[in-house]
Chemist: 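Here it is: the structure, laid out below.
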Amino acid sequence: MGNNTLSIGFFFAFMALTLLITYWAARRTRTTAHFFAAGGEVTPWQNGWALAGDFLSAGALLGIAGIVTSNGFDGMIYSIGWLVGWPIILFLIVEPLRNVGRFTFADVVAYRLRQRPVRLAGAVGTLAVILFYLIAQMVATGSLIKLLFGLPYNWSVVLVGSVMLIYVLFGGMLATTWVQVVKAALLMAGGVLLALLVLTHFEMNPLKLFAAASEKYGARVLQPGSKVVSGQWDAISLGLGLMFGTAAMPHVLMRAYTVRDAKAARLSILYATGLIGVFHLMVFIIGFGAMVLVGPEAVAKAGGGGNMAAPLLALTVGGNAFFGFICAVAFATMLAVVAGLTLSGVATLCHDVWTNVVRNGTASEAEQLKVARIATVVISVLAILLGIAFEGQNVAFMAGLAFSIACAANFPALVLAIIWRRFTTSAAVASILVGTLSSLVLIYLSPTIQVDILGKQLSQIEGAWWFVSLRNPAIICMPLSFLVAIILSLISTETNADSTFDEMQDRMLFGPLRPAAVPRDEAKTAA
Amino acid sequence: MNAKIHSAAEFAPRGAALARKRLVIALVLSAAMMAIYFGFMGLFAFDKPLLGTILAPGLSLCIVLGPLVIISSFLLCLVYALWANRVFDAGIRELGR
């Protein structure tokens with residue numbers, strides 16, 4: 001299977017470059033504003049690439065290409081779902097977020113409300129999302145590296161965990177941003193090149209490619225099927241979860257703070273949407289290319305549940321060197337995504353939980369940085385241990401669960417805090433907790449856990465009173481969370497929240513009245 | 001952004017109209033995005049045969065509509081960004097003086 005030496009060479013080049021960047025960034029990371037937000041000095045273009053880097057996981061290239069190769073069109077359902085949340089971020093969230101908050105989305109939710117309860121609830125929602133997404137990524141990473149490079153699973157997990165620890169611990173947001181930019185550029189270059197090489201076999205005409213696929217495997221590959229997403233309402237529910245989950249992913253939202261102002265944040269979302277859209281169109285071509293030029297049988301035989309489709313295609317159309325390049329890009333992708341997730345978990349632990357709940361907003365700069373670094377080590381070690389603990393387990397549902405919690409717990413509270421004057425503390429806390437808990441409970445009672453994980457027969461549990469047939473709970477949890485928030489807001493009154501709405505509105509439009517370039521004062525003005 | 005310091009009493013009138021205008025545009029564009037996406041997902045969930053209509057060799061309706069959803073997401077973003085860069089930001093500068 002290809003030449004491992006080359007891919008390991010590419011991979012070490014990436015590591016060397018990113019570690020150099022980390023060394024450079026470490027010398028510029030002196031305050032929490034640098035550690036969590038790169039000092040607000042990232043440009044819109046850099047941030048657009050970094051957002052794409054943060055969001056495009058190995059699943060977006062290897063996973064979707066694999067689904068398309070074996071099922072045809074249906075893989076695109078995920079591509080589309082992962083994109084349509086971005087306009088929602090742009091229209092409703094990113095500018096208020098940038099102008100009102102500082103490091104986390106809870107900054108905005110808590111702005112008018114009572115800090116401690118809202119921040120704690122926000123931390124529950126955020127950490128649940130981060131934890132499940134991180135486990136899913138670590139387990140996928142371990143098995144993919146084993147598949148691509150032949151490195152033992154445990155070593156892969158430890159290696160990825162340690163390198164991400166170095167990026168985040170020493171380089172903070174500045175290093176993480178550049179790691180994302182480099183990775184996104186490599187991923188786009190690899191994706192575009194692979195798609196173009198495929199199209200050279202079909203006179204540069206995608207329709208010829210699709211026609212060849214349908215000639216070989218039947219017209220069904222061009223038509224929607226029910227293998228990838230089964231159930232009618234389940235498809236709608238999946239769509240809700242992907243759209244609004246994307247719009248409330250903590251590591252994505254956090255990037256709004258790395259740019260200078262709201263306009264820069266707006267532009268970076270626009271660029272990211274374009275980049276991610278183009279990438280997903282490429283992956284569709286790549287998936288069909290692998291179907292026709294490699295064949296679903298050969299991909300299935302290579303193991304890894306279809307994940308080898310893109311690398312094997314690279315081997316076929318570009319030879320050993322390209323195979324090595326794509327493998328290395330996949331590795332870089334996994335590394336960058338877990339680094340971004342870890343950093344946003346650290347921001348929540350340090351800024352929300354420690355500074356604003358434990359210390360009531362009075363922690364010194366030095367203390368916050370120290371806590372941030374300790375939190376980085378804790379989350380990284382936890383990620384490594386959980387990654388090892390879940391080896392070989394079916395954790396695919398955890399990524400879906402993360403999106404569902406983000407959609408049901410974080411999104412309603414964030415949007416209502418931004419647009420609704422009557423929103424109150426009890427409503428925010430209750431909606432976040434209800435969103436998180438209901439997602440967990442409904443996933444547990446669904447076939448996702450009961451059949452796939454616990455191995456029960458569907459026919460045995462179908463009749464049980466507690467059985468939930470939806471595999472994706474968003475369609476129940478998100479309206480439930482909104483409903484709880486609206487009812488509680490209407491029956492409780494909070495004078496302070498009401499009277500500060502105009503002030504927040506003003507800040508949403510005009511931004512914070514920051515003291516210009518006096519970083520030491522920033523701790524006091526923490527949102 | 002070179003805003004001067006404002007007292008709390010000034011907050012309510014300043015920018016309220018502009019804020020409302022942006023909220024309306026944001027909600028309309030969000031509704032458009034949701035209509036496009038859930039229109040597509042609705043067909044995917046409830047009318048697979050229609051989406052599977054073969055239009056030409058190698059081209060089915062879903063292969064036309066799927067990428068169109070992706071492209072229209074970007075175009076909606078572009079519409080908002082152009083409006084915000086030109087109209088909204090100008091309004092903010094006007095008020096901030």
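Proteins come first, then strands; the chains are lettered A, B, ... in the order of their sequence lines, and each starts at number 1.
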Chemist: Between P57(B), S73(B), A56(B), which has the largest tally of heavy atom pairs under 4.5 Å with chain A?
Modeler: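 The residue among P57(B), S73(B), A56(B) with the greatest pair count is S73(B).
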Chemist: Between A84(B), A26(B), S72(B), C62(B), which shows the greatest number of heavy-atom pairs under 4.5 Å with chain A?
Modeler: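 Most heavy-atom pairs under 4.5 Å with chain A: C62(B).
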Chemist: So which residue, I88(A), D234(A), L207(A), ends up with the most heavy-atom pairs under 4.5 Å with chain B?
Modeler: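 Ranked by contacts with chain B, first place is L207(A).
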Chemist: Determine the option with the most heavy-atom pairs under 4.5 angstrom with chain B, choosing from G225(A), P224(A), G274(A).
Modeler: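 Looking at each option in turn, the highest pair count goes to P224(A).
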Chemist: Give a yes or no answer on whether the side chain of D47(B) reaches the backbone of G42(B) with a donor-acceptor pair at less than 3.5 Å.
Modeler: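 Not at all, since once roles are kept as given, no pair shorter than 3.5 Å links the two residues.
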Chemist: Give, as side chain, backbone, both or neither, the part of Y271(A) having an atom under 4.5 angstrom from any heavy atom of chain B.
Modeler: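 Contact with chain B involves no heavy atom of Y271(A) at all.
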Chemist: For W45(A), does the CH2 atom have more than 12 heavy-atom neighbours from other residues, nucleotides or ligands under 6.0 Å away?
Modeler: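 More than 12 heavy atoms, drawn from other residues, nucleotides or ligands, come within 6.0 Å of this atom.
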Chemist: Between I93(A) and A247(A), what is the shortest heavy-atom contact and its length?
Modeler: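 Result for this residue pair: CD1-O, 3.4 Å.
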Chemist: Angle class for the H280(A)/W82(A) ring planes (parallel below 30°, perpendicular above 60°, tilted otherwise)?
Modeler: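 Aromatic pair H280(A)/W82(A) classed parallel.
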Chemist: I'd like to know if R421(A) pairs up with D498(A) as an ion pair, taking the criterion as any Lys NZ or Arg NE/NH1/NH2 lying under 4.0 Å from an Asp or Glu carboxylate oxygen.
Modeler: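 So R421(A) pairs with D498(A) through a salt bridge.
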Chemist: How close do V100(A) and R507(A) get, heavy atom to heavy atom, and via which atoms?
Modeler: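 So the two residues come closest at O-NH2, 3.2 Å.
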Chemist: Which atom pair, heavy atoms only, marks the closest approach of C407(A) to G245(A)?
Modeler: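 Closest heavy-atom pair between C407(A) and G245(A): CB-N, 3.5 Å.
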Chemist: Quick check on L23(B) against chain A: is it the side chain, the backbone, both or neither that has a heavy atom closer than 4.5 Å?
Modeler: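 For L23(B), the contact with chain A is made by the side chain alone.
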Chemist: Considering all heavy atoms of both residues, which atom of A264(A) and which atom of V259(A) are nearest to each other, and what is their separation?
Modeler: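 That would be CB-CB, 3.7 Å.
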Chemist: Against chain B, label D74(A) side chain, backbone, both or neither, depending on which of its atoms sit under 4.5 Å from a heavy atom there.
Modeler: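 For D74(A), the side chain is the part near chain B, not the backbone.
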Chemist: For the residue pair K48(B) and F44(B), would you count it as a cation-pi contact if the rule is NZ or CZ under 6.0 angstrom from the ring centre and within 45 degrees of the ring axis?
Modeler: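 That pair qualifies as a cation-pi contact.
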Chemist: Under 4.5 Å heavy-atom distance to chain B, tell me which part of F501(A) shows up: side chain, backbone, both or neither.
Modeler: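 The answer is neither part of F501(A).
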Chemist: Based on non-hydrogen pairs under 4.5 Å, which of E95(A), K208(A), R220(A) is most in contact with chain B?
Modeler: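 Of E95(A), K208(A), R220(A), E95(A) has the most heavy-atom pairs under 4.5 Å with chain B.
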Chemist: Relative to chain B, which of F73(A), F210(A), W233(A) shows the most heavy atom pairs under 4.5 Å?
Modeler: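 Ranked by heavy-atom pairs under 4.5 Å with chain B, first place is F73(A).
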Chemist: Heavy-atom pairs under 4.5 Å with chain A: which of L51(B), L27(B), L43(B), L29(B) has the most?
Modeler: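 Highest number of pairs under 4.5 Å: L29(B).
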Chemist: Mind telling me whether F288(A) and F284(A) have parallel, tilted or perpendicular rings, with 30° and 60° as the class edges?
Modeler: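 Geometry flag for F288(A) against F284(A): perpendicular rings.
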Chemist: Measuring heavy-atom distances to chain B, does L240(A) have an atom under 4.5 Å in its side chain, in its backbone, in both, or in neither?
Modeler: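 Interface part for L240(A): both.
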Chemist: Select, from P49(B), S30(B), A81(B), the one with the greatest count of heavy-atom pairs under 4.5 Å involving chain A.
Modeler: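 Looking at each of P49(B), S30(B), A81(B) in turn, S30(B) comes out on top.
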Chemist: Only pairs of heavy atoms separated by less than 4.5 Å count here; which of I54(B), T53(B), I36(B), D89(B) has the most with chain A?
Modeler: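 Result: the option with the highest number of such pairs is D89(B).
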Chemist: Mind ranking L61(B), N85(B), I71(B), I25(B) by heavy-atom pairs under 4.5 Å with chain A and telling me who comes out on top?
Modeler: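 So the answer, after comparing L61(B), N85(B), I71(B), I25(B), is N85(B).
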